[in-house]
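Notes follow the structure.
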Amino acid sequence: MSLLACEVAIVGAGPTGLTLANILGQAGVETLLIERNAETVHEPRAVSIDDETLRTMQSIGLVEEVMADVALDYGSHYFSAGGRRFAVVAPTTREYGFPRRSAFTQPKLEATLRRGLARFPTVTSLFRHGCARVEEQDGGVLLTLSGPDGTERQARAP
Ligand SMILES: Cc1cc2nc3c(=O)[nH]c(=O)nc-3n(C[C@H](O)[C@H](O)[C@H](O)COP(=O)(O)OP(=O)(O)OC[C@H]3O[C@@H](n4cnc5c(N)ncnc54)[C@H](O)[C@@H]3O)c2cc1C
């Protein structure tokens with residue numbers, strides 16, 4: 001069985017795993033990103049992106065691409081079942097240099113983050129690979145992965 005070596009293995013290419021892989025790639029860390037699905041998501045999920053997240057996108061060099069798909073500064077209006085607006089959250093300060101509450105679409109963000117990984121030769125993405133098992137071993141972890149045709153591979157970190 002082939003053994004893949006890396007410094008950090010990330011299981012899951014949602015927004016969290018994709019962002020972490022970009023951060024580690026920028027730092028030159030040998031990273032293996034494992035995702036059981038063939039692609040990032042297509043259906044809408046999360047809708048709000050805050051200033052701290054935009055700052056994180058800035059730190060990985062993707063804020064312009066991300067902001068191209070973001071409705072900036074929209075705030076949130078909360079309505080009762082009867083249609084009465086009972087709360088508005090619309091912060092206007094810019095502590096981190098970005099609007100504090102903006103709207104985004106998760107599929108577009110994930111696609112941008114995945115494209116961003118192409119900049120980093122130290123990041124390997126394995127889509128269509130499920131992580132079936134994680135074992136602690138000699139101070140590291142051994143992952144057993146199941147590839148698209150059911151073939152098992154193992155990865156070790158570190
Ligand atoms: C229908 C729906 C609607 C939502 N609406 C909102 C909303 O309106 N507002 C909001 O803020 N949030 C919303 N969310 C939540 C938001 O989508 C999540 O908070 C966000 O996706 C979490 O990101 P993540 O990267 O931590 O995890 P995920 O996006 O869940 O990513 C985890 C990834 O890990 C992969 N994975 C898991 N186990 C394995 C394994 N063993 N091997 C390989 N891969 C694996 C999965 O396939 C997945 O791609 C919604 C979620 C759903 C499902």
Side-chain angles (χ1 to χ4, degrees), residues 4-131 134 141 143 145-149 153 155 157-158:
L4 300 156
C6 61
E7 291 174 89
V8 177
I10 302 170
V11 178
T16 307
L18 288 162
T19 301
L20 181 57
N22 274 279
I23 291 169
L24 292 171
Q26 190 161 258
V29 176
E30 292 287 343
T31 304
L32 190 60
L33 177 64
I34 299 143
E35 169 57 54
R36 64 183 164 207
N37 294 329
E39 298 173 348
T40 52
V41 296
H42 292 281
E43 70 276 18
R45 290 187 172 177
V47 293
S48 271
I49 190 163
D50 69 7
D51 50 345
E52 290 183 67
T53 308
L54 287 173
R55 196 164 74 148
T56 302
M57 296 301 122
Q58 182 185 41
S59 77
I60 55 175
L62 292 176
V63 77
E64 283 174 19
E65 289 92 327
V66 168
M67 291 212 323
D69 295 322
V70 168
L72 292 169
D73 237 348
Y74 77 118
S76 294
H77 296 225
Y78 296 90
F79 292 87
S80 68
R84 184 179 65 85
R85 190 173 70 184
F86 62 90
V88 176
V89 180
T92 55
T93 53
R94 294 281 188 279
E95 284 86 348
Y96 293 143
F98 295 102
R100 291 183 59 192
R101 189 171 289 232
S102 299
F104 82 117
T105 51
Q106 189 167 333
K108 287 182 177 173
L109 176 76
E110 290 194 13
T112 300
L113 289 167
R114 186 177 181 186
R115 279 196 303 276
L117 294 177
R119 300 170 296 167
F120 307 122
T122 57
V123 178
T124 302
S125 299
L126 286 181
F127 279 67
R128 302 179 72 201
H129 282 73
C131 178
V134 179
V141 287
L143 294 86
L145 314 178
S146 176
D149 57 0
R153 305 172 80 176

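The basis for the numbers below is simple: all heavy atoms, side chains too, and nothing from hydrogens, waters or symmetry mates.
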Non-hydrogen atoms of [X] and [Y] that approach each other most closely:
X    : Y    : answer
Y74  : S48  : OH-OG, 2.6 Å
N37  : E35  : N-OE2, 2.9 Å
L143 : C131 : CD2-SG, 3.7 Å
E7   : A157 : O-CB, 3.8 Å
A21  : L33  : CB-CD2, 4.2 Å
A155 : L32  : CB-CD2, 3.5 Å

Pick out which of I34, L24, T19 makes a side-chain contact (heavy atoms from CB on, under 4.5 Å) with I10.
L24
Polar side-chain atom of [X] near backbone of [Y] as donor-acceptor pair, under 3.5 Å:
X    : Y    : value
R101 : P99  : no
T105 : P107 : no
T16  : G14  : no

Given side-chain contact (heavy atoms from CB on, under 4.5 Å), test S102 with L72 step by step and report yes or no.
CA-CA 5 Å; S102 299; L72 292 169; 3.7 Å; yes
After noting the C-alpha distance and the side-chain angles of V70 and K108, does the key distance pass the side-chain contact (heavy atoms from CB on, under 4.5 Å) rule?
CA-CA 9 Å; V70 168; K108 287 182 177 173; over 6 Å; no
Within 6.0 angstrom of E95 CD, more than 12 heavy atoms from elsewhere
yes
Over 12 foreign heavy atoms within 6.0 Å of CZ, R128
no
Point-to-point distance, once rounded to the nearest 0.5 Å, from [atom1] of [X] to [atom2] of [Y]:
X    : Y    : atom1 : atom2 : answer
M57  : E65  : CE    : CD    : 11.5 Å
L62  : Q26  : CG    : CD    : 8.5 Å
L109 : L18  : CG    : CG    : 8.0 Å
L4   : T124 : CG    : OG1   : 8.0 Å
L145 : R153 : CG    : CZ    : 7.5 Å
D73  : F98  : CG    : CZ    : 12.5 Å

Decide yes or no for N22 and F120: does some side-chain heavy atom of the first lie under 4.5 Å from some side-chain heavy atom of the second?
yes
Would a 4.5 Å heavy-atom cut-off, applied to side chains only, mark Q106 and P44 as touching?
no
Just do the side-chain contact (heavy atoms from CB on, under 4.5 Å) check on T93 and R100 with the steps written out, would you?
CA-CA 7 Å; T93 53; R100 291 183 59 192; 3.1 Å; yes
Please lay out, stage by stage, how E39 and E110 fare under the test side-chain contact (heavy atoms from CB on, under 4.5 Å).
CA-CA 10 Å; E39 298 173 348; E110 290 194 13; over 6 Å; no
